[in-house]
Number of protein chains: 2
Amino acid sequence: MTEKVTIADVARLAGVSRQTVSNVLNSPDVVREETRQRVLRAVEELGYRVNQAARQMRTGRSRLIAIRIEPDRDGINGSVLDRFLHGLTESAARSGYRVLLYTADDDQAEVDTFEDLLGAYEPDAFVLTSTHHGDLRTAWLLDRKVPFVTFGRPWSADSAGASHAWVDVDGAAGTAAATRHLLDAGHRVIGFLGWPSGSGVGDDRREGWSRTLAAAGVDPAGLSRATSDGVADGEKAAHDLLRSDLGVTALVCASDSLALGALHAARSPGLAWRPGSDAAERPVAVIGFDDTPVAKAVGLTSLSQPLAQAAAHCVALLTTLLDGQADPGEAPANVLLEPSLVVRQSA
Amino acid sequence: MTEKVTIADVARLAGVSRQTVSNVLNSPDVVREETRQRVLRAVEELGYRVNQAARQMRTGRSRLIAIRIEPDRDGINGSVLDRFLHGLTESAARSGYRVLLYTADDDQAEVDTFEDLLGAYEPDAFVLTSTHHGDLRTAWLLDRKVPFVTFGRPWSADSAGASHAWVDVDGAAGTAAATRHLLDAGHRVIGFLGWPSGSGVGDDRREGWSRTLAAAGVDPAGLSRATSDGVADGEKAAHDLLRSDLGVTALVCASDSLALGALHAARSPGLAWRPGSDAAERPVAVIGFDDTPVAKAVGLTSLSQPLAQAAAHCVALLTTLLDGQADPGEAPANVLLEPSLVVRQSA
DNA sequence: AGGCATGATTAGATCGATCAAAATAAACTG
DNA sequence: CAGTTTATTTTGATCGATCTAATCATGCCT
């Protein structure tokens, strides 16, 4: 282990008191310029770093941000959160914070972990992901006045009074852009593959598609299918939609998993090409969501979320909450980012 | 925020001194059973949790394990580390540790971060991933006697004297199993797609293939191609290998990225099927490595690393290093796990 | 009963930083 | 130049736990 260098060591070398060293680091403006330099030189020479544990004892601030890491349930979409996590770690570091991980199988377990962590490590804030209807977690944190940001909008209808800071990606804007792209390419009858209504994210993404399609004069009714998220599910749903006589030539999907399934369905003989029509040679166009590695690998056009940006905004909101003077009257800020369409072979 | 409960509060409620409460939690055997119960009841009632910062001040132990989170360079293989990370977080929690994240662009930056973290947060140990030849990091940590484990063998030839604890997955065993699987299926001329020699992991994986092939009486010479890791690279290399007149009917690949490229190459007309031969109908078999989501999605047979297990072993080794009495004579332990072949359509 | 080892509990110091308030130095004012 | 104000630095207490060493009980043996 490295020999410990304390603030007292620096003080001794610089010929000042401990408190002056502390001031140089925390309130440089109250220290005379000359002493400041001298102290800084001593800090440099000894390689001094303030001990977080000791600082935390006095200040009550740990400079830790806690976040849950989830197992990639789906397998394909998992990497989205991991990329967000990477961005968060970088942004946090830039603001002098570190990221602490934890796991939890459900909301209740996560709330228990909040309690554990707050008692033991005292993280300054939490970042929540995968927000959903009637989220126990946000209510609990709001109640205890623990600072936090969510990556994902508060979808709950029941969050009547209190609200919180959040950052999200505008799914509807994304699917709208995808739909527009397809319309521009000459497609008219554009289908949608998504999840059963009830999930905020899913409904939002469907909305962007239907709105845009309707605006172009195409009735979206009957052109949408809902299924659980998975390649096989997507394939089945796509099959179903393409087999119908609606003349669907393109599909916008709520995830890359579904889109991948759709691609498979579109490739299966007798469906990808509509025999006897003038568009005979044109395969069904497919657009996914999240721009996962899979999309890149198989040439799937997809919507890319600005995850590093989102993470940076989360940190920015948190530092405002933490460092800024608490202005109780002010409504918590939030940020809505636009995804960008990454065009590849599939559309 | 939650109102803080200190050890003094518990002591007061239980009618004992602070130290007795501390003893109940840390050395239960020195406390009389009856008082122990009384204290535990008080702990329960107040929801007391020991404050890590304060404990750390006295004991010098933070109960933190630090690990780097890397951006998924490749995109496809990235998820491997993320799954490992998830396992690590779970195992660590079970042993009373938390995982602290950091980022670093190269070895030197990572060493700088070691210094930073050790000075500030004092993590009890590090977990290193992506070990490679002449790793600066392990040398630095060994020199400072900072406890750590690597996920990945020490490949360096230069680590003459000192060694360290490690956990790894036996790549050679994996490719050997894959090759055997292909041999059993009747293939004889089995090619290998890997990376330029010099990378420990890559050489190891190639070795398992060549050894097994040779043992089956097939000379591996000329059946191997080396390229950088990427789908396009894999496709090119596979093309090259299949175009040659060696009669390659199957490919073992060092990664799923390469394998995916190989699949593309195999599908391209005139290559997948060998016209005029009796095996005319049989497509080229392909096996990847890492069993990434992409493999699952496209039906690629691949080698799955037991990542959760590996993570658990890492934590086990660390706790031995940390909690166990330091036995300087003992050689650091290490664990080599076998990957398992997940058979899908591609082979 | 006195002497002593053993068991159980407690008081006081300490880890390394910051806060609060006091002490000292420098600058200003009439 | 005394009397203040302002700028700079220092002293002592404190955060919440554990360590060390001391204290208070008990039991056992001769």
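What's counted below: heavy atoms across the whole structure, side chains too, no hydrogens, waters or symmetry copies. Convention: sequence-line order gives letters A, B, ...; per-chain numbering from 1.
For the side-chain contact (heavy atoms from CB on, under 4.5 Å) with A:Phe148, the qualifying choice from A:Thr138, A:Ile65, A:Leu321 is A:Thr138, the only one to do so. When each of B:Leu64, B:Leu117, B:Leu101 is paired with A:Arg98, the side-chain contact (heavy atoms from CB on, under 4.5 Å) condition holds for B:Leu117 and for no other.
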Solution key, residues 12-20 of chain A side-chain donor-acceptor pairs under 3.5 Å, sequence neighbours excluded:
| unit_1 | atom_1 | unit_2 | atom_2 | d |
| --- | --- | --- | --- | --- |
| A:Arg12 | NH1 | A:Asp9 | OD1 | 3.3 |
| A:Ser17 | OG | A:Thr20 | N | 3.4 |
| A:Ser17 | OG | A:Thr20 | OG1 | 3.3 |
| A:Gln19 | NE2 | A:Asn23 | OD1 | 3.2 |

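Taking the centre and axis of the six-membered ring of A:Tyr102, the NZ or CZ atom of A:Arg68 falls outside the cone set by 45° and 6.0 Å.
No engagement by B:Arg36 is indicated, since no non-hydrogen atom pair under 4.0 Å with the nucleic acid exists. B:Arg61 comes within contact range of no nucleotide atom at all, as no heavy-atom separation falls under 4.0 Å.
Separating the CZ atom of A:Arg58 from the C1' atom of C:dC15 is a distance of 14 Å, rounded to the nearest angstrom. Put simply, CZ on A:Arg55 is 14 Å from C1' on D:dC15, counting in whole angstrom units. Distance, A:Gln56 CD to C:dG16 C1': 13 Å, rounded to whole Å. Atoms CE (B:Met57) and P (C:dT18) sit 11 Å apart, rounded to a whole Å.
If you check residues 7-20 of chain A against DNA chain C, the residues with a heavy atom closer than 4.0 Å are A:Ile7, A:Arg18, A:Gln19, listed by number. Of the residues in residues 21-33 of chain A, those lying under 4.0 Å from DNA chain C by heavy-atom distance are A:Ser22, A:Asn26.
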Residue pair B:Ile67, B:Thr129: steps toward the side chain to side chain contact (heavy atoms under 4.5 Å, CB included) verdict: CA-CA 8 Å; B:Ile67 185 171; B:Thr129 56; 4.2 Å; yes
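If you check the side chains of B:Asn334 and B:His313, you find no donor sitting under 3.5 Å from an acceptor.
Residue A:Thr35 places at least one side-chain N or O under 4.0 Å from the OP1 or OP2 atom of D:dT9.
When the nucleotides C:dA17, C:dC15, D:dT9 are ranked by their closest atom to the side chain of A:Thr6, C:dA17 comes out on top.
In this structure, A:Asp124 does not pair ionically with A:Arg63, as no charged nitrogen and carboxylate oxygen lie closer than 4.0 Å.
Of all non-hydrogen atoms in A:Val149 and A:Cys314, the two that sit nearest each other are CG2-O, 3.8 Å.
Without hydrogens or angle criteria, B:Thr131 side chain to B:Arg153 main chain gives a donor-acceptor distance under 3.5 Å.
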